[in-house]
Student: 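I am attaching a structure below and will ask some questions about it afterwards.
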Amino acid sequence: MKRYEKFPIRLTNSLSSKKEEFKPIHEGRVGIYVCGPTVYSDVHLGNVRTFLCFDVIQRYFKYLEYKVRYVRNITDVGHLEGDADEGEDKISKKARLEQLEPMEIVQRYTNDFHRVSEVFNILPPDIEPTATGHLIEQIRHIEALLEKGLAYEVNRSVYFDVKKYNEHQQYGKLSGRNIDELRDSGRSLDSQDEKRDKIDFALWKKASPKHIMRWDSPWGKGFPGWHLECTVMSTKYLGETFDIHGGGIDLKFPHHECEIAQQAGITGTDPVNYWLHSNMLTVNGQKMSKSLGNSFLPNELFSGKHELLEKGYSPMTVRFFMLQSHYSSTLDFSNDALMAAEKGYKRLMSGLKNAESLEAPDGNDKESGQTMLQLADQCFLEMSDDFNTAKTLAVLFEMTTRINDLMTKPDELSKIPADAWKYFVGTYSEFIQEVLGLKKETAEDDKMLEGIVNLLIKLRSEAKISRDFAKSDMIRDELGKMGVRLMDGKDGTTFSID
RNA sequence: GGUGCUGUGGCCGAGUGGCUAGGCAGAGGUCUGCAAAACCUUUUACAGCGGUUCGAAUCCGCUCAGCACCUCCA
């Protein structure tokens, strides 16, 4: 029996706004597509949160023994600055400003994104396609839409005909809008619009003479619209209809709505069974974004060089901090919250260390084994309930208390049956490290350092035996200043590195 | 203006019609040469006003406050 049969997943589908049981299209397999970053600047912590949320989600699917194909793209062309018709391509603009080849911009920030992902222990996707690598597919898709009469060409640009699409299908079903309201929303007042209808969106844009990113197409030199790449790449690698599509909630409209229209316009059916949207990271209640100037870069966080931070925080502290909230809730970023998270993270890590240090028992007290089995199962139940990492952490802390307690109670430990203990410790350790992706950050694995500190501990205990507390305290204090904390227990002194 | 969401104790944050979330901080205790860690005990809640109900922080209505999307944004 596979784990996913024992612990079926329920998830909140943005399409229905309800929690539904997850049923894959192909038994035992899951296809997940997540909108990746537009690589025109450094990723900030708000971006990180989204990729972290979906990292944990895909990790959990894999842990449940699903065969997962996780696709997350890199947007390296087509994302326009400002209004969709007047704007300039983001990467093109950055390239012009920095006098670089556009692909240099793309490479630089793709590298940055990968580096940041690794630091936060966000696993790479199984496929990471780029928009520029799929221009032929995008052009083909536009041709298909033109053939269906769902797109029209104006002055060497091609637009999607939303009104036409809406005659047979429902544009706005994901974000709860209708096209009349959208037309009335009266945000933009541009006059020299090529579009037949203001709610139409670009599939292909003619490149102006100064525009440096350009490709040949049946409509002349130009570049693809932003929404198209995701439609093309998701269905290419996951099928015309696939299981899960994720992304930040700010992409729900118009981006994801357009994706649905572009695909459903051709196939007549919804391309995605379950839409998942992660919520925003906020600062003082406001969305973290570059344009508001309230964004944090990873390096500012690690160094603590930011006016809202009192000190630096490690990547795993931040990962822990983000996992304490549900992916669908906003999360507020503050120094106090990070400080609390830092301590919580350390408590969990020391629990993990303790769990590994305990010798496996082989007892026969069924009752004590039973509670351990229940706690372990509870981890699965919480994660299977819409990926509730906050509740999962609460269970892991209960397990931590249990483990710490057993550290000083060898009699109780020895009563626990071997299989119950194995399942308990295995689940504990794997949920922390494999599912939640929290890893140890200290240098405690350094053998030489361990030897040196143990030597000092020996010298100190000799001083203690001869009641030379001045010397023993000196050793402890000096090591403490270097971040090595000594703790006297019943069975001698142990140390941890902060 | 339209659509949707949120308001939980000192802080951060889960959650649900009746039973302790959890972390951090605070208080007391055990242990200790003293600490630290750990363990035990413990104080502060569900924005306001009405309604439904045997019972609501949880459902409904209104009010207030805030946020997101409707431009680019994870």
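Every chain is numbered from 1 and lettered A, B, ... according to where its sequence line falls, protein lines coming before strand lines. All values derive from a computational prediction rather than experimental measurement.
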Student: Please state how far atom NZ in A:Lys19 lies from atom C1' in B:U16, giving the value in whole angstrom units.
Tutor: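 It works out to 10 Å between those atoms.
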Student: I'd like to know if A:Asp332 reaches the base of B:G13 with its side chain such that a donor and an acceptor end up less than 3.5 angstrom apart.
Tutor: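 No pair found.
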Student: Quick one: is B:G4 close enough that its OP1 or OP2 comes under 4.0 Å of any side-chain N or O from A:Arg177?
Tutor: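 No, no such contact exists.
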Student: Just to be sure I understand the rule, does A:Leu281 reach a base, reach only the sugar-phosphate, or reach nothing, if contact means heavy atoms closer than 4.0 Å?
Tutor: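 Since a base atom lies under 4.0 Å of A:Leu281, the category is base.
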Student: Does anything in residues 397-413 of chain A reach RNA chain B, meaning a heavy atom under 4.0 Å, and if so which residues?
Tutor: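 Output list: A:Phe397, A:Thr401, A:Asn404, A:Asp405.
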Student: For a quick test of reading the model: is some side-chain N or O of A:Lys343 closer than 4.0 Å to OP1 or OP2 of B:A25?
Tutor: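 Checking A:Lys343 against B:A25: at least one side-chain N or O falls below 4.0 Å of OP1 or OP2.
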Student: Would you kindly compare A:Val395 and A:Leu45 by the position of their nearest RNA chain B nucleotide and give the one closer to the 5′ end?
Tutor: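 The 5'-side residue here is A:Val395.
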Student: Of all the nucleotides listed (B:G22, B:A14, B:G33), which has the minimum atom distance to the side chain of A:Ser329?
Tutor: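 Minimum distance to the A:Ser329 side chain belongs to B:A14.
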Student: To the nearest Å, how far apart are A:Asn47 CG and B:A74 P?
Tutor: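 Checked: the CG to P distance equals 5 Å.
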Student: In this structure, how many angstroms lie between the P atom of B:A74 and the NZ atom of A:Lys290, rounded?
Tutor: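 Distance, rounded to whole Å: 10 Å.
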Student: With a 3.5 Å cut-off and no angle check, do the side chains of A:Tyr327 and A:Asp386 form a donor-acceptor pair?
Tutor: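 The criterion, which ignores hydrogens and geometry beyond distance, is satisfied for A:Asp386 and A:Tyr327.
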Student: Any stems for RNA chain B, made of 3 or more Watson-Crick or G-U pairs in a row, each with both distances under 3.5 Å?
Tutor: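 The stems are B:1-7 with B:64-70, B:10-12 with B:22-24, B:26-30 with B:38-42, B:47-51 with B:59-63.
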Student: Counting only side-chain N and O atoms of A:Asn388, is one of them less than 4.0 Å from OP1 or OP2 of B:G15?
Tutor: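 True: A:Asn388 side-chain N/O within range (under 4.0 Å) of B:G15 OP1/OP2.
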Student: Indicate whether the side chain of A:Tyr40 and that of A:Thr75 have a donor and an acceptor atom separated by less than 3.5 Å.
Tutor: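 Side-chain D/A pair, A:Tyr40 to A:Thr75: absent.
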Student: Which residue in the set A:Phe302, A:Phe113, A:Phe51 passes ring-ring contact (aromatic ring centres under 6.0 Å, His included) when paired with A:Phe120?
Tutor: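 That would be A:Phe302.
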Student: Over how many whole Å does the gap from A:Leu308 atom CG to B:C12 atom P extend?
Tutor: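 Rounded to whole Å, this separation is 14 Å.
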Student: Should the side chain of A:Arg476 and the base of B:A35 be counted as holding a donor-acceptor pair, with the cut-off at 3.5 Å?
Tutor: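 Indeed, a donor on one side and an acceptor on the other fall under 3.5 Å apart.
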Student: Looking at every strand, decide which applies to A:Gly46 at a 4.0 Å heavy-atom threshold: base, sugar-phosphate, or nothing.
Tutor: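 Answer is base: heavy atoms of A:Gly46 come under 4.0 Å of a base.
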Student: Measure from CE on A:Met322 to P on B:A14 and round the result to the nearest Å.
Tutor: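 Rounding to the nearest Å, CE of A:Met322 and P of B:A14 are 13 Å apart.
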Student: Taking any heavy-atom pair under 4.0 Å as a contact, classify A:Leu338: base, sugar-phosphate, or nothing.
Tutor: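 It contacts nothing in the nucleic acid.
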